[in-house]
Student: 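First the structure, then my questions, so here it is.
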Amino acid sequence: MFFSKHQNNKKLRIAIITETYPPDINGVSNTLFELVKQLQKNHEVLILRPEEPYYDMKIDYNLKEIFFPYIKIPFYNEVKLGIPIIQRISDSFKTFQPDIVHIITEGPLGFFSLWIAKQMNLPVVADYRTNFNDYLKFYHIQYLDEFIKIYLNYFHNQCDLNLVPTLEVKKQLLKKQYKRIKVLGRGIDTQRFNPNKYSSNIRKRFNIELNEIMFLYVGRIAPEKNLYFLCNVIKKLQEKYNHIKFVFVGDGPIKSELENHYPEIIFTGKLQGEELSCIYASSDVFLFPSKTETFGNVFLESYASGLPIISYNYGAAKKIYTNHQTGFLMPLNILNEEELWLKYIENYIKNPELIKKHKHNILNEHKFKLHKLSWEGISNQLIRYYRNLINDKSKLFFKAS
């Protein structure tokens with residue numbers, strides 16, 4: 001057939017455009033890194049991304065990378081926007097000759113890469129990973145709401161395929177007139193995140209006694225994560241109980257402020273690798289108050305580590321946790337949410353056996369649920385999407401010829 005060169009055993013050339021990648025620490029960067037590791041096993045990958053001038057250690061010497069200058073968002077320095085040097089993007093595509101272009105982030109680098117890819121008639125896949133409009137009120141820039149809605153809708157509808165992490169997000173976007181959407185879930189490395197990573201040493205490091213109940217939050221220390229709310233709940237509990245500890249792992253724009261206002265909460269800063277795995281497995285309960293996630297990779301990390309949860313019933317939490325069996329999940333929009341948060345946390349404080357029971361339930365489910373969440377399986381699904389799109393694009397090209 002005329003598109004036989006894209007048969008299933010063909011090695012693909014994949015150009016990936018992203019404004020975040022390790023050493024950045026965030027959900028997008030972490031999951032992309034895992035995907036790239038899998039893709040590189042059988043395919044050739046090129047990444048276009050902002051440069052890292054102060055990062056001397058190259059993570060993967062076999063990975064081809066093209067770097068771009070960038071600016072930082074003034075109110076959120078952890079976020080970079082790549083400056084799209086059009087000639088550099090164009091030359092990269094002409095030299096690499098990708099079979100497919102995959103845009104991870106919708107910033108300037110992504111937009112101009114999309115534009116150039118369309119000029120070159122290359123098939124384009126884009127990810128929808130962040131609910132940007134949900135963030136605006138936290139940074140007092142609601143006036144950008146309509147612009148961002150229009151821009152994101154336009155951006156994604158110019159792409160040949162859009163990937164979302166859950167069916168829930170797909171339904172939301174279809175209502176907003178997004179087109180050509182498929183679901184691609186997220187994976188978890190169970191060698192890295194598992195209950196066997198428990199370490200009494202990491203509890204000692206943060207002065208947490210073995211008889212104290214350790215509640216954990218992992219994620220950006222940012223207003224959109226609903227941390228002001230959680231901190232106020234914690235303050236009420238700490239005034240009432242003295243055998244509980246709350247640990248926040250991560251960094252972000254409000255970390256210093258929260259540290260000053262809530263000195264009894266332990267802020268570890270960023271933890272990576274073995275330290276992160278150990279603090280998950282060494283905790284008792286995972287708390288995640290954010291209402292703005294499209295998926296929430298930390299849910300997979302906490303579940304794989306054997307931690308019961310208190311959170312909201314959406315995203316990955318809804319997919320893998322079961323209310324009242326492996327944690328407590330509540331509706332996103334309820335009037336008495338503080339009352340419920342206090343109640344659920346106190347359930348664990350007053351009844352430590354419940355923690356053991358929920359942990360036991362999670363371990364019983366692990367084999368059944370986690371085998372579906374391997375990065376190899378996610379990568380294979382992505383390659384199937386790529387191949388189908390490439391073949392469809394080839395058919396259209398030859399019909400038009």
Side-chain angles (χ1 to χ4, degrees), residues 192-219 221 225-251 255-290 298-299 301-311 317 321 324-330 338-363:
R192 181 182 172 195
F193 296 101
N194 65 75
N196 294 328
K197 296 290 185 176
Y198 177 90
S199 169
S200 58
N201 288 333
I202 204 156
R203 289 179 71 109
K204 289 178 183 175
R205 174 177 163 186
F206 296 109
N207 298 314
I208 299 167
E209 301 294 333
L210 294 178
N211 65 334
E212 291 181 309
I213 299 174
M214 179 177 169
F215 293 90
L216 178 70
Y217 164 83
V218 178
I221 311 298
K225 298 299 184 181
N226 203 23
L227 294 180
Y228 292 115
F229 168 80
L230 180 59
C231 287
N232 286 329
V233 169
I234 289 172
K235 185 176 181 180
K236 292 180 179 180
L237 291 164
Q238 287 179 324
E239 291 171 353
K240 193 172 179 182
Y241 302 97
N242 58 15
H243 66 295
I244 54 174
K245 289 290 177 65
F246 294 86
V247 178
F248 283 24
V249 175
D251 204 351
K255 178 172 175 282
S256 296
E257 178 188 347
L258 294 184
E259 280 181 305
N260 291 333
H261 282 86
Y262 303 96
E264 298 303 316
I265 297 175
I266 299 165
F267 291 85
T268 70
K270 294 178 181 178
L271 295 181
Q272 302 179 65
E274 194 71 8
E275 283 186 323
L276 181 60
S277 304
C278 288
I279 204 161
Y280 266 119
S282 305
S283 301
D284 295 300
V285 178
F286 188 64
L287 306 178
F288 199 71
S290 173
V298 290
F299 293 130
E301 294 170 358
S302 65
Y303 185 84
S305 302
L307 283 187
I309 194 172
I310 301 175
S311 187
Y321 279 98
H324 292 275
Q325 292 185 34
T326 54
F328 296 106
L329 300 173
M330 63 199 84
E338 181 176 293
E339 179 185 327
L340 281 178
W341 273 89
L342 288 167
K343 173 187 170 182
Y344 290 147
I345 295 176
E346 284 192 289
N347 281 352
Y348 285 132
I349 294 173
K350 293 175 180 178
N351 185 11
E353 289 300 313
L354 185 60
I355 298 175
K356 292 180 182 178
K357 179 183 177 182
H358 284 183
K359 283 192 173 189
H360 179 74
N361 291 343
I362 291 172
L363 293 180

Student: Looking only at heavy atoms, which two atoms of Ala304 and Pro195 are closest? And how far apart?
Tutor: O-CD, 3.3 Å
Student: When you measure from the side chain of Asp251 to the backbone N and O of Lys270, does any donor-acceptor pair fall under 3.5 Å?
Tutor: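 Here the side-chain-to-backbone pair does not exist.
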Student: Considering residues, nucleotides and ligands other than His324, do more than 12 of their heavy atoms fall under 6.0 Å from its NE2?
Tutor: yes
Student: CD1/Ile244 to CD/Glu264 distance, rounded to the nearest 0.5 angstrom?
Tutor: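 If I round to the nearest 0.5 Å, the distance is 10.5 Å.
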Student: List, one per line, each side-chain donor-acceptor pair under 3.5 Å for residues 206-218, sequence neighbours excluded.
Tutor:
unit_1: Glu212; atom_1: OE1; unit_2: Glu209; atom_2: N; d: 2.8
unit_1: Glu212; atom_1: OE1; unit_2: Lys245; atom_2: NZ; d: 3.3
unit_1: Tyr217; atom_1: OH; unit_2: Arg220; atom_2: O; d: 2.7

Student: Take Arg192 and Tyr280 through the side-chain contact (heavy atoms from CB on, under 4.5 Å) test and state the conclusion after the steps.
Tutor: CA-CA 11 Å; Arg192 181 182 172 195; Tyr280 266 119; over 6 Å; no
Student: Identify the two heavy atoms, one from Ile362 and one from Leu307, that lie closest to each other, and give their separation to 0.1 Å.
Tutor: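 For Ile362 and Leu307, the tightest heavy-atom pair comes out as CD1-O, 3.3 Å.
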Student: Do side-chain atoms of Asn351 reach the backbone of Asn347 as a donor and acceptor pair under 3.5 angstrom?
Tutor: no
Student: Do you know the tightest heavy-atom contact between Ser282 and Lys197?
Tutor: OG-O, 4.1 Å
Student: Going by ring-ring contact (aromatic ring centres under 6.0 Å, His included), Phe248 matches just one of Tyr262, Phe267, Phe288. Which one?
Tutor: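 The option that passes is Phe267.
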Student: Enter the distance from Ile345:CD1 to Phe328:CZ here, rounded to the nearest 0.5 Å.
Tutor: 11.0 Å
Student: Does Glu259 come within less than 4.0 Å of Lys255, counting only side-chain N to carboxylate O?
Tutor: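 Counted as a salt bridge, because a side-chain N and a carboxylate O are separated by less than 4.0 Å.
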Student: Would you mind telling me which of Lys236, Lys343, Lys235 makes a salt bridge (charged side-chain N to carboxylate O under 4.0 Å, His left out) with Glu338?
Tutor: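 That would be Lys236; it is the only one of Lys236, Lys343, Lys235 passing the salt bridge (charged side-chain N to carboxylate O under 4.0 Å, His left out) with Glu338.
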Student: Which heavy atom of Ile355 sits nearest a heavy atom of Pro308, and at what distance?
Tutor: O-CG, 4.0 Å
Student: What's the separation between atom SG in Cys278 and atom CZ in Arg205, rounded to the nearest 0.5 Å?
Tutor: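 Answer rounded to 0.5 Å: 10.0 Å.
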Student: Please report whether the ring centroid of Tyr321 lies less than 6.0 Å from that of His358.
Tutor: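 Ring centroids of His358 and Tyr321 are no less than 6.0 Å from each other.
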Student: Rounded to the nearest 0.5 Å, what separates atom OG in Ser305 from atom CD1 in Ile279?
Tutor: 11.0 Å
Student: For residues Glu275 and Ile202, report the shortest heavy-atom separation together with the two atoms involved.
Tutor: O-CD1, 3.5 Å
Student: Would you name the heavy atoms of Ile349 and Pro352 that are closest together and state the gap between them?
Tutor: O-CD, 3.9 Å
Student: Just verifying a value: how many Å separate Tyr198 OH and Ser283 OG, rounded to the nearest 0.5 Å?
Tutor: 9.5 Å
Student: Using a 4.5 Å cut-off on heavy atoms from C-beta on, say whether the side chain of Ile265 contacts that of Leu258.
Tutor: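 In short, these two side chains do not touch, never coming nearer than 4.5 Å.
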